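Following: one structure in structure tokens, then a few remarks.
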Number of protein chains: 2
Amino acid sequence: MSSARAARGTQGVGPGEERTRPVTSGAVDGAETVAPRGIPDATVARLPVYLRALVNLAERGTRTCSSEDLAGAAGVNSSKLRKDLSYLGSYGTRGVGYDVEYLRYQIAREIGVTQDLAVAIIGIGNLGHALANYAGFSSRGFRIVALLDNDPDRLGEEVGAMRIRGLDELETVVAEEGVSIGVLATPAAAAQAVSDRLVAAGVTSILNFAPTLVSVPAGVDVRKVDLSIELQILAYHEHRKAAGDGSSDVHPSTRTTVGV
Amino acid sequence: MSSARAARGTQGVGPGEERTRPVTSGAVDGAETVAPRGIPDATVARLPVYLRALVNLAERGTRTCSSEDLAGAAGVNSSKLRKDLSYLGSYGTRGVGYDVEYLRYQIAREIGVTQDLAVAIIGIGNLGHALANYAGFSSRGFRIVALLDNDPDRLGEEVGAMRIRGLDELETVVAEEGVSIGVLATPAAAAQAVSDRLVAAGVTSILNFAPTLVSVPAGVDVRKVDLSIELQILAYHEHRKAAGDGSSDVHPSTRTTVGV
DNA sequence: ACGATTTTGTTCCCGCGTTCACAAGCTCCT
DNA sequence: AGGAGCTTGTGAACGCGGGAACAAAATCGT
Ligand SMILES: NC(=O)c1ccc[n+]([C@@H]2O[C@H](COP(=O)([O-])OP(=O)(O)OC[C@H]3O[C@@H](n4cnc5c(N)ncnc54)[C@H](O)[C@@H]3O)[C@@H](O)[C@H]2O)c1
Ligand SMILES: NC(=O)c1ccc[n+]([C@@H]2O[C@H](COP(=O)([O-])OP(=O)(O)OC[C@H]3O[C@@H](n4cnc5c(N)ncnc54)[C@H](O)[C@@H]3O)[C@@H](O)[C@H]2O)c1
């Protein structure tokens, strides 16, 4: 309880969350420098990208890399990368670059995936099956400890190396396995109710695939993955590309650097 | 050479794209007022949310709604909602609110989902199956016209109401069905190559589920959905919640219900 | 030993996005 | 008819994030 952070989770797509850090530019006098703890949300969202890029580099045998290299691998501006990393500390060496292994560890530690977090998936239908079978989670700091569904026909079914259990075991599983993240893959109509039970059982992070808003108390984070919305955003641009051909926007011809 | 510098699509998670509209303060004199066409990316990302909320309201029989109502249903600030809608035009009535049906149509038209867009899914494994079986896409402006895979064992397999076809049919399908959006659900190693073929065949929008960057020429949009990254972002906050319990700020001013 | 070179960490600035606050406009009641 | 009460649409303030530019540090070469 406690930890009444100002209302946090609602959406997840954009960094449109809220307060980032209490830095408060102010500083009337040089007395208080304020604890610099608190990494901007935009940076937090990129750390996993850097982590993955570092893992790839390490697998390829690279020992050190410059911010330029890493930024290229992660698909971001090198200046942004350096600023992001500077929030964690000074883990690079000027004139040399970053030690891949060391930085990898530091980022993993900052994210908190040095030891696996327990994850439960609720709603083992089409999507739930895919998630349960996905090997990528376990290699990235997560341990799927339970698959829950309320359809009697599914109970006991083996998915991956795991058995589907009844929804009535939710509270037990969360407590016994120390589940910290719940993945919602139920129909939209069931999402809020399941979310409420997860929260009541002590889960404080939810990844929601159902196309609906779930309300949670302060202190609980919800991120939403909405594939229809992703497609519709693409549709908008597609639409504009086709229609606005002669209006304002560029030709489909070579306009490499659109920006700036 | 770093070059390449894919103009538009790289990430998809944040609104951290680039140019929003070519407004460019310009207009030395009061002659040209500049075409107001060009909706901010952040707004575009929310339009589908509003659209869904409106559909829900309509199904519930609601005829009109205020910006406050709609904002509540969509989980955003009403002020933001009004400003977002103002980019589309003046579709509300002061003192009354918005006509649900009318606004729904206007947003759908702006997004470009009044007639269905053709979608092809490439890589019909765990995730591809789930996507192919998902009914939610067809009801939201998309028509899945092809399922492609390069595994000979999968060819001909029926998924949903559709047969899996070979990757060699990619170009044919794109041309014949007028595919405008390609969904990448192949392993990461194959993503870039498939993306290249899609683009060469004329596809200008890609939704990428593979945990890797795909580079595309200017004019092609890529949005990335990365579930491991979503989990890791949750992990970060989880981590902080557990560790920073006594470290920082905030009084326990129990602030409930987030969105509403 | 010392300067040239490389690359980080940081500062500064600009522009987008969010939010407040209010004027404009519509409806309804008296 | 006229005013009271809402609700939209927008102008303005402001804070965050992105990117360029620069200063500090470390290595290399001579
Ligand atoms: N399949 C996709 O590709 C896809 C894409 C986008 C969004 N989604 C969303 O993800 C969710 C799951 O999609 P799906 O295709 O897997 O649906 P599905 O119908 O195949 O699976 C839903 C599962 O949830 C179970 N369930 C229902 N109520 C439950 C409850 N109260 N508690 C626990 N389990 C419950 C059902 O028994 C079923 O097994 C839906 O909200 C859907 O809109 C799916
Ligand atoms: N399953 C999940 O829940 C999940 C979660 C996050 C990310 N992903 C990512 O989504 C992608 C698909 O995941 P999955 O679990 O379905 O994997 P999968 O191995 O089950 O399916 C991949 C499919 O792609 C096909 N394929 C391989 N190379 C191909 C090519 N060149 N052209 C066309 N098809 C090809 C394979 O035959 C297979 O059917 C992967 O990149 C994975 O990392 C999956």
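For the numbers below, each heavy atom of this structure counts, side chains included, while hydrogens, waters and symmetry mates do not. Because the structure is a prediction, the values reported are computed rather than measured.
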Salt bridge (charged side-chain N to carboxylate O under 4.0 Å, His left out): pairs with one or both residues in residues 51-75 of chain B, sequence neighbours excluded: A/D226-B/R52

Qualifying salt bridge (charged side-chain N to carboxylate O under 4.0 Å, His left out) pairs with a residue from residues 84-97 of chain A, counting only residues at least two apart or across chains: A/R46-A/D84

Whole angstrom is fine here: how far is it from [atom1] in [X] over to [atom2] in [N]?
| X | N | atom1 | atom2 | value |
| --- | --- | --- | --- | --- |
| B/K80 | C/dC16 | NZ | P | 17 Å |
| B/D84 | C/dC16 | CG | P | 16 Å |
| A/E68 | C/dG9 | CD | C1' | 15 Å |
| B/L85 | D/dT8 | CG | P | 9 Å |
| A/D41 | C/dT18 | CG | C1' | 14 Å |
| A/I39 | D/dG17 | CD1 | C1' | 15 Å |
| A/L81 | D/dA20 | CG | P | 14 Å |

Side-chain donor-acceptor contact under 3.5 Å, A/R109 with A/Y105: no

Check: A/Q106 side chain, A/L88 main-chain N or O, donor-acceptor pair, under 3.5 Å: no

Listed partners of B/Y102 passing ring-ring contact (aromatic ring centres under 6.0 Å, His included), at least two apart: B/Y91

For B/F137, ring-ring contact (aromatic ring centres under 6.0 Å, His included) partners two or more places apart: B/Y134

Residue list, salt bridge (Lys or Arg N to Asp or Glu O under 4.0 Å) with B/R104, at least two apart or on another chain: B/E101

Residues which pass salt bridge (Lys or Arg N to Asp or Glu O under 4.0 Å) with B/R82, listed by chain and number, not counting sequence neighbours: none

Reading 5' to 3' through nucleotides 24-30 of chain D, protein heavy-atom contacts under 4.0 Å coded B for base, S for sugar-phosphate only, - for none: BBSS---

Selection: residues 97-109 of chain A, any non-hydrogen atom under 4.0 Å of DNA chain D: none

Options D/dA20, D/dT8, C/dT10, nucleotide nearest the side-chain atoms of B/S66: D/dT8

From D/dG9, C/dG9, D/dA20, nucleotide with atom closest to A/N77 side chain: D/dA20

No-H, no-angle donor-acceptor pair, A/K83 side chain to C/dT10 base, under 3.5 Å: no

Touch class at under 4.0 angstrom, heavy-atom based, for A/S79 against every strand present: base

Under 4.0 angstrom between B/S67 side-chain N/O and D/dT8 OP1 or OP2: yes

OP1 or OP2 of D/dG11 under 4.0 Å from side-chain N/O of B/R82: no

Side chain to side chain donor-acceptor pair (under 3.5 Å) partners for B/E238, two or more places apart: A/T204, A/S205

